[in-house]
There are 2 protein chains.
Amino acid sequence: MNHRQDVHTSEVPVLCVACEARLRGVCGALDADQLMALSKTSTKKRLETGAELVGDAEIIDGYANILSGVVKLIKGLPDGREQIVGLQFAPDFLGRPFQAESAVSAQAATNVVLCSFPKRTLEALIKQSPQLEHSLLKQALRELDEARDWMLTLGRKNALERVASYLLLIANYIDPALQPQSEVIAFDLPMSRLEIADFLGLTIETVSRQLTKLRVDGVIQVRQSRHIVVNNPARLKTFSGC
Amino acid sequence: MNHRQDVHTSEVPVLCVACEARLRGVCGALDADQLMALSKTSTKKRLETGAELVGDAEIIDGYANILSGVVKLIKGLPDGREQIVGLQFAPDFLGRPFQAESAVSAQAATNVVLCSFPKRTLEALIKQSPQLEHSLLKQALRELDEARDWMLTLGRKNALERVASYLLLIANYIDPALQPQSEVIAFDLPMSRLEIADFLGLTIETVSRQLTKLRVDGVIQVRQSRHIVVNNPARLKTFSGC
DNA sequence: GCTAGAAATTGATCTCGATCAAATCTTCGA
DNA sequence: TCGAAGATTTGATCGAGATCAATTTCTAGC
């Protein structure tokens, strides 16, 4: 990916060359000097699928911007049950400001490339820059909206509606301009059936059965497990309960 | 309630006399002049149980600090299914900055007293005061943590665990110092069985049965539906799945 | 391409919570 | 205090999704 034509990147070449970032997110709020300072301490990291992002050597005690890939936020119960409580895509900001440790753990759902910042550097910048805090607030409010949307899905939708909602969520990330009356849309799922189940509060068998149901109904096609073709986005939406 | 002895209120008498607020929340971030300005446009409102906080004459297009009572945030599906996606207690800040309208509706779960601010006034203050934005960010992050906790409950806990978690949530609000090894704790539920069910993603019958189960097990006592005595908080916690 | 191991699907059965129904409790105005 | 309406509890039954088990499909290494 090359985003040097981008407005932001053209203003802040040092960090962007380092990060290859689109910087729609948090970094966009910084001025050139601040970005320059940040770029000196930031490091680019490549994580394999399944890598833990906190608690080990990856981005301990720090923050990061996702450059590519999907990160899942997980909460677990003592007996091993797990729930994915959030998905983060590029160019989301990652990390929990103003708190020693987050109550959630983060893990790479796909291969992930991110730009990591030391906790102190970024927190110092936050104090300097109200703009940066504003960006963080906007992202936090967006994540809050997403979490509450998902609470409705987890609390009140049946299995078929959950799976349909999930496909629409991913489709919408792949193509944010997706309209109900859109044409066919195709994409690769960034998660395994187990991860989807942990996101939907279901089991893998139930996820599989609902996908089969949608496939038999002609709403979607499934190729090699991960590749999905949505034949009829409008009809998929009617299955989602919304 | 009279909080004039409180540190914050003694610094900012005008708004506090008007609001009787403890101001642990957002307003605490403002200096005396800003609070004075805010107090001139703020109004104190008393809402009956069930009153809608948005979309009608209550706090249209505005923000508010809850002074007493409990507000529920609700999301619904077209077919009438509802999920409570958040509970807000005094002195929480209420309202969704930087967005024309929130995707959730808010309703008084109990009688509520709140201090309401016009949208423009508060947004102007936010621009002036990084401190205020910082407070908003802190509350947004706290609400995000709470929402994600609840996603785990909705996605992965069974009915008994959900009800136990709910009782602990309320008990913890009533007495934030509550420790696992605490003594007996008693409180009145601020919500009906239907509201509890809508919060837990269950039906009223299931909520009732789980309460009966906890009562028969001697973990709690229930008096006149709403009054709960937790005989054994530690044991209740073991029922909560955490 | 071939093969082993992992991932996903499909099948059979069971269980928890939903649903429908009835009884009891609580509240509140007359 | 009485009585009616609403809220809650309890009972009986049903069904969606979990669980356990067996195939089938996919993937990665050779």
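Keep in mind that this is a model prediction, so the values were computed, not measured. Naming: A, B, ... by sequence-line order, numbering from 1 per chain.
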Give a yes or no answer on whether the side chain of A/R235 reaches the backbone of A/V219 with a donor-acceptor pair at less than 3.5 Å. no
Among residues 187-196 of chain B, which ones have heavy-atom contacts with DNA chain D below 4.0 Å? B/S192, B/R193
A/N158: what forms a side-chain hydrogen bond (donor to acceptor under 3.5 Å, both in side chains) with it, not counting sequence neighbours? none
Checking A/R81 now: which residues fulfil side-chain hydrogen bond (donor to acceptor under 3.5 Å, both in side chains) with it, not counting sequence neighbours? A/D79, B/E161
Axial bend angle, the helix from C/dG1-D/dC30 to C/dA30-D/dT1: five-pair end segments, nearest 10°: 50°
When A/L214, A/I220, A/T212 are each screened for side chain to side chain contact (heavy atoms under 4.5 Å, CB included) with A/V216, the one that passes is A/T212
For B/Q88, side-chain hydrogen bond (donor to acceptor under 3.5 Å, both in side chains) partners two or more places apart: B/E143
Minimum heavy-atom separation for A/L47 and A/A108, please, with both atom names. CB-CB, 4.4 Å
Name all residues meeting the side chain to side chain contact (heavy atoms under 4.5 Å, CB included) criterion together with B/Q107; count only those two or more places apart in sequence or in a different chain, and write none if there are none. B/E52, B/K72, B/I74
Once each nucleotide of nucleotides 10-21 of chain D is scored for protein heavy atoms under 4.0 Å, what B/S/- sequence comes out, 5' to 3'? BBB----SSBB-
For a 4.0 angstrom threshold against heavy atoms of chain A, report the outermost contacting nucleotides of DNA chain C in 5' to 3' order. C/dA8 to C/dA12
Test of understanding: with side chain to side chain contact (heavy atoms under 4.5 Å, CB included), list the residues that count as partners of B/N111, not counting sequence neighbours. B/E48, B/T49
Sorted by chain and residue number, the side chain to side chain contact (heavy atoms under 4.5 Å, CB included) partners of A/S240 (sequence neighbours excluded) come out as A/A164, A/S165, A/L168, A/K237, A/C242
With sequence neighbours excluded, tell me which residues meet side-chain hydrogen bond (donor to acceptor under 3.5 Å, both in side chains) with A/S208. none
A/I185 and A/A171: which non-hydrogen atoms are nearest, and at how many Å? CD1-O, 3.8 Å
Using whole Å, what does the distance between atom C1' of nucleotide D/dT27 and atom CD of A/Q224 come to? 10 Å
List the residues meeting side chain to side chain contact (heavy atoms under 4.5 Å, CB included) with A/L189, not counting sequence neighbours, and say none if there are none. A/Y166, A/L167, A/F187, A/R193, A/I196, A/R226, A/I228
